[in-house]
Amino acid sequence: MPEILEVEAARRVLEERALNREIAKVHAPDTWFMKRGTTAPALRHALVGNAFTAARRRGKQIILDTENPDVRVGVHLGMSGRVLVDDEEAGDPLVYASNLRMVKWHRFGVHFADGGDFMLRDPRRLGAVELDPDERRLGPDAMTLTFAQLDHALAKRIAPIKAVLMDQHRIAGLGNLLVDESLWRAGIAPGRLTFTIDPAERKVLHKAIRTTLRTLDRRGGSHTGDMPRGLDAPCPRDGAPLRRDKVAGRTTYWCAVHQH
DNA sequence: GATGACCTGTGA
DNA sequence: TCACAGGTCATC
């Protein structure tokens, strides 16, 4: 579920509710979930007696700083991750079909000395926790993307525009839904080869990305776009039946009439 | 770069 | 039973 808007909502909850609380216990039962050599003992050693002091975000990566400047924890929500603080859902308005208290879905978390906790629930296990995440892997954050940054990200690319926009190394934060919505608003076909997009179109695209992020954030998430995600659903702009294709390996909806 | 793999749940 | 899911990674 999470693209940058949902991750930002989760980050905000962590910032509001999980900072400056002493960590008494670490919950890290899932070896698979810990990436890049991170282990449960290492997490315990780093976190017990410590406290988070900041919840930052770059793209879809959440970074928790602690009182120990050498200890930073990277948290990724993957496809199905959600943050829970003190047993409450964190800032995600989506209604999940089965929102049961599935403790076995708690892939990582901490218990605070005050009795509360922060848990990462992730049924699909495609999220991750790691110590000392490498933030340099990620491009400029989509929420604050300037035109110059976008222009640079697109420079000399041959790949379809959708693939470039979803490449976290170039721009961090845009996922499948936000990219489809942005391209639909910009009137650019997802399979369009990036180098053919002229400066005027880049301006339009930049504006569309900004508007999409702002609007969908206000509405409550990545799934609240104007373009319906359904084969043959009418395009709200011109009534043409929407197409469904695979672009950059992902299911893509678009309007062949107004997106070129 | 495109492709498939990773893992598990949900709904048709 | 099958297709699909809002992400990322390794591999050709």
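Proteins come first, then strands; the chains are lettered A, B, ... in the order of their sequence lines, and each starts at number 1. For the numbers below, each heavy atom of this structure counts, side chains included, while hydrogens, waters and symmetry mates do not.
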If I take atom [atom1] in residue [X] and atom [atom2] in nucleotide [N], what distance separates them, rounded to the nearest angstrom?
| X | N | atom1 | atom2 | value |
| --- | --- | --- | --- | --- |
| A:W32 | B:dC7 | CH2 | P | 5 Å |
| A:D245 | C:dC4 | CG | P | 13 Å |
| A:L77 | B:dT8 | CG | C1' | 16 Å |
| A:W105 | B:dC7 | CH2 | P | 18 Å |

Requested in this report: Mind listing the residues from residues 151-164 of chain A sitting with a heavy atom below 4.0 Å of DNA chain C? Number order is fine.
Outcome: none

Report summary line: Expected list for residues 174-193 of chain A near DNA chain C, using heavy atoms below 4.0 Å, is A:G175, A:N176, A:L177

Tabulate atom names and distances for all N/O pairs under 3.5 angstrom spanning the protein and nucleotides 9-12 of chain C.
unit_1	atom_1	unit_2	atom_2	d
C:dC9	OP1	A:R36	NH2	3.0

Query raised in the report: Atom CG of A:D117 and atom CZ of A:R21: how far apart are they, to the nearest 0.5 Å?
Result: 8.0 Å

Query raised in the report: Can you name the salt bridge (Lys or Arg N to Asp or Glu O under 4.0 Å) partners of A:R218, sequence neighbours left out?
Result: none

Query raised in the report: Members other than A:V247 in its cluster, when Ile, Leu, Val, Met, Phe, Trp, Tyr link by side-chain heavy atoms under 4.5 Å?
Result: none

Query raised in the report: Salt-bridged, A:E181 to A:R219, with N to O below 4.0 Å?
Result: no

**Report entry** Consecutive-pair stems (at least three Watson-Crick or G-U pairs, under 3.5 Å) that include DNA chain B
**Finding:** B:1-6 with C:7-12, B:8-12 with C:1-5

